[in-house]
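Note that the structure is predicted; figures quoted are calculated from it, not measured. Basis for what follows: all heavy atoms, side chains included, without hydrogens, waters or symmetry-related copies.
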Amino acid sequence: MKKLLYFLVAVFVLSACSNDGVISSKASKDKTVITVSAAASLKVALNDIEKSYEKEHKHVDLKFNYGASGALAQQIKSGAPVDVFISAAKDKVEDLVKEDKVNKQDTKQLLKNHLVIVSKDKLENMNALASEQVQKIALGNPDLVPAGKYGKQALERANLYEKLKPKYVLAKDVRQVLTYVETGNVEAGIVYTSDLKASDKIKKVVTIEDKMHDEIIYPAAIVKDTKHMKEARAFYEYLDTRQSIEVFENAGFDRVK
């Protein structure tokens with residue numbers, strides 16, 4: 001029943017996904033629609049890449065479905081009609097390979113990212129999260145949101161995770177964490193470095209050392225059941241061209257060497 005629910009929700013979401021939430025029937029008839037499920041933290045960069053790609057490939061209409069990588073992977077497992085998947089965690093794609101939803105040879109490590117603590121007022125370091133100054137901390141749900149999983153790892157290694165449990169406000173994705181901090185609903189949150197590019201309201205930042213958590217790798221994959229393998233592969237390959245990598249780097253990501 002749970003699997004069926006994921007599928008029905010995924011089909012509903014994907015049937016409506018586009019830049020403005022409306023699909024043009026004309027575009028669907030005249031062009032090949034490629035559905036890309038991608039981590040929410042990629043939205044700014046992929047919006048720019050979409051424009052350049054569609055300008056060069058006029059027969060393709062890209063549709064993006066953004067969300068937490070874990071939830072997106074579950075939709076694909078449940079049979080959602082997705083062509084390309086870009087995750088914020090390697091294990092989500094590895095799970096799809098194990099489930100025979102993705103061929104291993106159709107995956108690649110695309111980008112790297114880093115973690116930061118963003119806050120309403122200045123914090124000296126991570127230990128300041130335990131102070132009375134911070135009443136609530138936004139964190140992506142570690143079971144679904146890679147940024148939340150990495151954040152949990154960092155807090156555990158700092159011996160803070162259990163101590164701070166009463167303060168956590170769990171978010172559905174990393175963009176919601178950012179919004180909670182921007183609006184003052186929480187005093188602090190853990191997001192990616194790249195998310196800072198999407199906000200002009202966040203001024204207070206504490207960098208979390210990479211050694212405090214697993215390496216943050218964004219893999220891309222072609223979904224095995226795509227009905228448009230040629231077009232899906234073309235976009236998949238476009239993602240690590242020089243033009244695309246420049247867009248990702250401008251958005252705060254690092255290229256995987």
Side-chain angles (χ1 to χ4, degrees), residues 10-11 13-69 71-73 75-77 79-90 92-97 99-113 146 194 217-256:
V11 170
V13 171
L14 293 172
S15 67
C17 67
S18 70
N19 273 354
D20 55 6
V22 179
I23 289 179
S24 165
S25 58
K26 185 177 187 300
S28 298
K29 289 177 182 178
D30 297 346
K31 300 181 180 182
T32 299
V33 176
I34 296 299
T35 300
V36 182
S37 284
S41 49
L42 290 163
K43 187 171 183 177
V44 172
L46 288 177
N47 281 349
D48 288 341
I49 288 173
E50 176 187 14
K51 294 172 187 175
S52 60
Y53 190 82
E54 290 185 345
K55 188 175 180 179
E56 295 177 27
H57 302 77
K58 299 188 184 300
H59 65 291
V60 172
D61 184 16
L62 295 173
K63 300 296 181 186
F64 289 90
N65 176 35
Y66 296 104
S69 297
L72 297 176
Q75 291 173 4
I76 294 170
K77 287 180 185 179
V82 176
D83 302 294
V84 176
F85 177 42
I86 314 173
S87 172
K90 292 189 292 185
K92 306 308 178 191
V93 169
E94 290 167 353
D95 287 346
L96 292 176
V97 171
E99 294 276 341
D100 200 32
K101 294 296 183 180
V102 166
N103 289 320
K104 186 172 178 58
Q105 63 268 29
D106 290 331
T107 69
K108 61 184 171 185
Q109 295 187 4
L110 186 65
L111 304 166
K112 292 176 65 176
N113 213 337
S194 60
I217 298 291
Y218 283 60
I222 301 172
V223 179
K224 192 174 180 180
D225 290 340
T226 177
K227 292 179 171 59
H228 309 289
M229 180 58 76
K230 179 181 177 182
E231 291 82 2
R233 187 174 299 283
F235 180 67
Y236 168 83
E237 292 175 352
Y238 185 84
L239 288 170
D240 58 2
T241 60
R242 183 192 300 180
Q243 184 175 355
S244 293
I245 291 300
E246 285 180 359
V247 173
F248 285 127
E249 289 178 339
N250 288 336
F253 295 90
D254 294 333
R255 182 175 190 171
V256 174

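With sequence neighbours excluded, no residue forms a side-chain hydrogen bond (donor to acceptor under 3.5 Å, both in side chains) with Asn250. By the side-chain contact (heavy atoms from CB on, under 4.5 Å) test, Asp48 pairs with Lys51, Val247, sequence neighbours left out. Residues meeting the side-chain contact (heavy atoms from CB on, under 4.5 Å) test with Val60, sequence neighbours left out: Ile34, Tyr53, His57, Leu62, Glu231. Applying the salt bridge (charged side-chain N to carboxylate O under 4.0 Å, His left out) criterion to Lys224, with sequence neighbours excluded, gives Asp100. In this view, Gln243 and Tyr238 satisfy the side-chain hydrogen bond (donor to acceptor under 3.5 Å, both in side chains) rule, not counting sequence neighbours. Every residue was checked against the salt bridge (charged side-chain N to carboxylate O under 4.0 Å, His left out) condition with Arg255, not counting sequence neighbours, and none meets it. Partners of Lys112 under the salt bridge (charged side-chain N to carboxylate O under 4.0 Å, His left out) rule, at least two apart in sequence or in another chain, are Glu215. With sequence neighbours excluded, the residues satisfying side-chain contact (heavy atoms from CB on, under 4.5 Å) with Ala40 are Asp173, Arg175. Contacts of Asn113 classified as side-chain hydrogen bond (donor to acceptor under 3.5 Å, both in side chains), with partners at least two apart in sequence or in another chain: Ser194, Tyr218. Evaluation of the side-chain hydrogen bond (donor to acceptor under 3.5 Å, both in side chains) rule for Thr226 yields Asp83 as partners, not counting sequence neighbours.
Nearest heavy atom pair, residue Ala38 against residue Leu72, reads O-CD1, 3.2 Å. In terms of heavy-atom proximity, Met229 sits nearest to Ile222 at SD-CG2, 3.7 Å. Here the closest non-hydrogen pair linking Lys77 and Glu99 is CE-CG, 4.0 Å. Annotation for Ser244 and Leu239: closest pair CB-O, 3.2 Å, computed over non-hydrogen atoms. Closest approach of Leu42 and Ile86 over heavy atoms only: CD1-CG2, 3.4 Å. Here the closest non-hydrogen pair linking Ala221 and Val93 is CB-CG1, 4.1 Å.
Residues Phe85 and Ile76 form a side-chain contact, since some pair of their non-hydrogen atoms from C-beta on lies under 4.5 Å apart. For the pair Asp106 and Arg233, the minimum side-chain heavy-atom distance is below 4.5 Å. Counting only heavy atoms from C-beta outward, the side chains of Ile245 and Leu111 approach each other to under 4.5 Å. In this structure, the side chains of Leu46 and Phe248 come closer than 4.5 Å at one or more pairs of heavy atoms.
The structure places OG1 of Thr241 at 7.5 Å from CD1 of Ile49, a figure rounded to the nearest 0.5 Å.
In this structure a side-chain-to-backbone donor-acceptor pair under 3.5 Å is present from Ser69 to Ala88. In this structure, Tyr66 contributes its side chain and Ser41 its backbone to no donor-acceptor pair below 3.5 Å.
Within the structure, salt bridge (charged side-chain N to carboxylate O under 4.0 Å, His left out) pairs that include any residue of residues 238-248 comprise Lys108-Asp240 (at least two apart or interchain).
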